[in-house]
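For reference, the structure discussed in these notes is given below.
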Amino acid sequence: MSLNRKYYPYLTILLVVGILFSCGSKNDFTPALIPMPQQVEWRSQQFNLADSSQSFVQRIVPEIPEVQLNNNEAYRLSVSADSVILEATSETGIYRGLQTVKQLVIEKNGKRYLKGCAIIDWPAFRIRGFMQDVGRNFQPMNMLKEQINVLAAYKYNVFHFHVTENPGWRLESKIYPQLNSAESMTREKGKFYTQEDFKELVAYCQERKITLIPEFDIPGHSAAFRKAMGFEKMSDPRVQPVLINLVDELCSLAPAEVMPYIHLGTDEVWHDYERPAPTLLPALLERVTQHHGRELIVWRPGQHIEGDSVSITQLWSSNGHPKPGHRYIDCRLNYVNHLDPLSGITQLYFDRINGAAHGDSLRMGGIFCCWNDNNVNEAYDILVQNPVYPGIVTYAETSWTGQKTDFGENYLAKLPEKGSELFNEFSAFEERLIQHRDKYFAGKPFPYVKQTNTEWKVLGPIANGGDINAAFSVEDTLQETYQIDTATYTWQGPFVGGTIQLTHYFGYPSYFPREEGTYYAYTQIWSPQEQTVGAWIGFHDWSRSAGRRGGPFPQNGEWHNTHPKAWLNGELIAAPEWNKPGLASNTEEIAFTDENYFFRKPASIHLKKGWNKVLLKIPVKKDTWKRMFTFVPVQDDNGTIKEVEGLKFSADIK
């Protein structure tokens, strides 16, 4: 049957105005689609959008035989010179297909066209989500809607809304208004979402075919709850009826068919005062599932729920293993607050969700998480100081298309060998990612630049006897091999990437064993002209979690507390003048301002015409948490960081 006329306004909005996208003035080319469809065949024909009212057909069909999974979100699209035919088995499938249509728009000679193609597409996983923690740091509604718009454009279908935390209970309760009092909160005091805000957000998601999953994180992470309600311990018998009432109130805000999942945390119960009474979690499970007809989601690792055979477990750490017989959602590798933009994007791309190429009856999919644990000066800093948007775009590819090859954890901290099939696949994705950055994210934080053309050789670690200031002959002369004391050291590599993880902080396979000492890294940059450009330079970068983990933060004149150095053509590159030098590790209430290379002003470097030699010194101490370095020339294009054109890289020792 034909699609109901109520859907035609979507076509006008999506093709003419666009929720997120705008068109560039490029000649005909093959559009960079993300996520890449499961099946696509390009045609030389183009469809002229000047008069599409009669030739753009959208219709619901009983089935699309070629679809292998998740029929309710699948679609079939045919674009030729005289027609556009979009078919799906549901309105959700039509909506997903329209997101692809937006990315097919090209402009030529002042006219707008759709690139000819035949596409059959479906998601590998039935849950593809993004989570924001607004309990620790409140985010205004317009900021949340901006992110939801991006999710919709990239075919996400879940927004996980983590609304309670130790610093604050952020959803209005009319039964217990004290939960929203400024006195109960330790950050953004008194800021919360009204019930009308919540309903508006649910509806906003629903319009974009996204399911909002609300989370009350209990019995751990409950300081604000306990303070507001006057409970010293979560085992207090008064806790259970209060939480049952709060679950009832939450479920009253949206019907089960619109909000089918309720998340109740259960993770990180570290202290006796957080441990629940034995009846609490079973009672809440019964309330959510039997009384309200919803699905219950809980974190794993998390508290055991007696008699639970139906919950969905959301895996959050390397110790989070699927519970036998239970459906599960995977988010073990994708905490964006720990990810650095360059190495983090490769990690997200090679994340094999649920350890499988696609979902099944138990493997539901994955949720990409933003836990900006540290306090912030402004809410939007969460998007500036974490690679949220490049991460969302990359995880869209991973969760929709699925990783077909089982390579385990081999490429979570390093790229595959240059020239290999997997490397070439990532390189092609990187090109699409950069095109999306340039075309669709103007004015939004999108910290990613091309890195598959950058290569390094690394030497070390040289035993330094615990002296991070020890200097070695590598700094004086460049040669293939060095004899230092009784040991022989040889350059290894080339290793490809703008960021090189020497040893990964979560233990993923990388280039070197976890040892202390001094590393050196070397590359050459060829410039077509003499020029001064920016550079992303960083050592042992900082997570936006647990203060300055691995601190203290360096003093002025230092890149890091391990005293690394960077030379360009033999000249030392000066470290930044920090806004807050010398801060201790446990400083999570002091907001970040310039700590990470990708949200501070790039360093200034002067390239001569021809080859320029870069040498980095990277000492590592026992307590150095992130063992890594970043060095990438960049330019600022009206607020968007991009590649410096015309540069070439080589790690040949000359």
Side-chain angles (χ1 to χ4, degrees), residues 32 34-36 123-125 127-132 147 150-151 153-156 158 160 314-318 329-358 365-372 383 385-416 422-423 425-434 436-437 441 445-452 496-499 501 504-506 508-510 541 543-545 598 626 628 630:
I34 298 179
M36 181 61 73
F125 295 96
I127 281 188
R128 307 170 310 283
F130 175 62
M131 189 225 73
Q132 273 289 13
Q147 294 167 78
V150 176
L151 298 180
Y154 288 98
K155 302 184 175 72
Y156 281 72
V158 161
H160 180 168
Q314 189 166 339
L315 314 181
W316 67 270
S317 81
S318 58
I329 301 166
D330 193 355
C331 61
R332 289 172 290 190
L333 305 180
N334 57 31
Y335 281 19
V336 70
N337 51 296
H338 283 306
L339 300 182
D340 305 276
L342 300 175
S343 60
I345 291 307
T346 64
Q347 179 176 321
L348 289 172
Y349 180 83
F350 288 109
D351 176 7
R352 200 164 193 251
I353 298 169
N354 298 149
H358 55 76
I367 293 179
F368 174 50
C369 298
C370 183
W371 302 98
N372 200 106
L383 301 185
Q385 297 177 0
N386 295 284
V388 170
Y389 285 148
I392 286 175
V393 177
T394 302
Y395 199 68
E397 175 92 358
T398 306
S399 58
W400 180 278
T401 305
Q403 276 291 355
K404 305 298 187 287
T405 307
D406 185 1
F407 37 69
E409 296 183 343
N410 287 339
Y411 306 117
L412 299 179
K414 60 181 179 180
L415 281 168
L422 284 175
F423 179 89
E425 287 176 3
F426 176 77
S427 183
F429 169 75
E430 181 182 66
E431 291 294 336
R432 287 185 281 133
L433 181 65
I434 288 168
H436 277 243
R437 177 200 68 192
F441 286 88
F446 200 96
Y448 189 83
V449 295
K450 184 177 178 65
Q451 60 171 330
T452 51
V496 177
T499 292
Q501 300 265 4
H504 196 273
Y505 45 99
F506 287 147
Y508 305 141
S510 192
D541 217 16
S543 294
R544 282 67 62 196
S545 171
F598 61 94
K626 285 192 174 182
M628 58 193 296
T630 300

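Both backbone and side-chain heavy atoms feed into the values below; hydrogens, waters and symmetry mates do not.
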Taking all non-hydrogen atoms of both residues into account, name the closest pair between [X] and [Y] and its distance.
X      : Y      : result
Pro341 : Pro447 : CB-O, 3.0 Å
Val449 : Leu342 : O-CD2, 3.7 Å
Arg332 : Asp330 : NE-OD1, 2.9 Å
Asp340 : Met628 : OD2-CE, 3.2 Å
Pro416 : Phe423 : O-CD1, 3.4 Å
Ile353 : Gly366 : CG2-N, 3.8 Å

Calculate, to the nearest 0.5 Å, the distance between atoms [atom1] and [atom2] belonging to [X] and [Y] respectively.
X      : Y      : atom1 : atom2 : value
Gln347 : Tyr411 : CD    : OH    : 15.0 Å
Ser399 : Phe368 : OG    : CZ    : 10.5 Å
Phe125 : Thr401 : CZ    : OG1   : 10.5 Å
Leu422 : Ser427 : CG    : OG    : 12.5 Å
Ile127 : Ile329 : CD1   : CD1   : 4.0 Å
Lys626 : Phe506 : NZ    : CZ    : 8.0 Å

Taking atom types as modelled, is there a side-chain donor on [X] or [Y] under 3.5 Å from an acceptor on the other?
X      : Y      : value
Thr630 : Thr499 : yes
Gln501 : Ser510 : no
Gln147 : Gln132 : yes

Return yes if some donor-acceptor pair links the side-chain N/O of [X] with the main-chain N/O of [Y] below 3.5 Å, else return no.
X      : Y      : result
Asn354 : Gly365 : yes
Asn337 : Ser545 : no
Glu430 : Gln451 : yes
His436 : Ala32  : yes
Arg128 : Lys155 : yes
Tyr448 : Pro387 : no

[X] side chain near [Y] side chain, heavy-atom distance below 4.5 Å:
X      : Y      : answer
Leu433 : Phe446 : yes
Cys331 : Gln314 : yes
Asp541 : Phe598 : yes

In terms of the angle between their ring planes, are Phe429 and Phe426 parallel, tilted or perpendicular, with boundaries placed at 30° and 60°?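 Tilted, since the angle between the ring planes falls between 30° and 60°.
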Could you label the plane-to-plane angle of the Phe441 and Tyr154 rings as parallel, tilted or perpendicular, counting under 30° as parallel and over 60° as perpendicular? parallel
With a 3.5 Å cut-off and sequence neighbours excluded, list the donor-acceptor pairs that the side chains of residues 388-398 form with protein atoms.
unit_1, atom_1, unit_2, atom_2, d
Tyr389, OH, Glu146, OE2, 2.6
Thr394, OG1, Pro390, O, 2.8
Tyr395, OH, Asn334, ND2, 3.4
Glu397, OE1, Met36, N, 3.0
Glu397, OE1, Arg432, NH1, 3.1
Glu397, OE2, Arg432, NH1, 3.4
Glu397, OE2, Arg432, NH2, 3.0
Thr398, OG1, Leu348, O, 2.9
Thr398, OG1, Thr394, O, 3.2

Taking the six-membered ring for Trp and the full ring for Phe, Tyr or His, determine whether the centres of Phe130 and Tyr156 are under 6.0 Å apart.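 No: the rings miss the under 6.0 Å criterion.
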Please enumerate all residues that pass salt bridge (Lys or Arg N to Asp or Glu O under 4.0 Å) together with Glu409, with sequence neighbours excluded.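 Applying salt bridge (Lys or Arg N to Asp or Glu O under 4.0 Å) to Glu409 gives none.
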Test ring-ring contact (aromatic ring centres under 6.0 Å, His included), reference Phe407, set Phe350, Tyr349, Tyr508, output is Phe350
side-chain hydrogen bond (donor to acceptor under 3.5 Å, both in side chains) between Asn372 and Arg544, worked out: CA-CA 6 Å; Asn372 200 106; Arg544 282 67 62 196; 5.3 Å; no
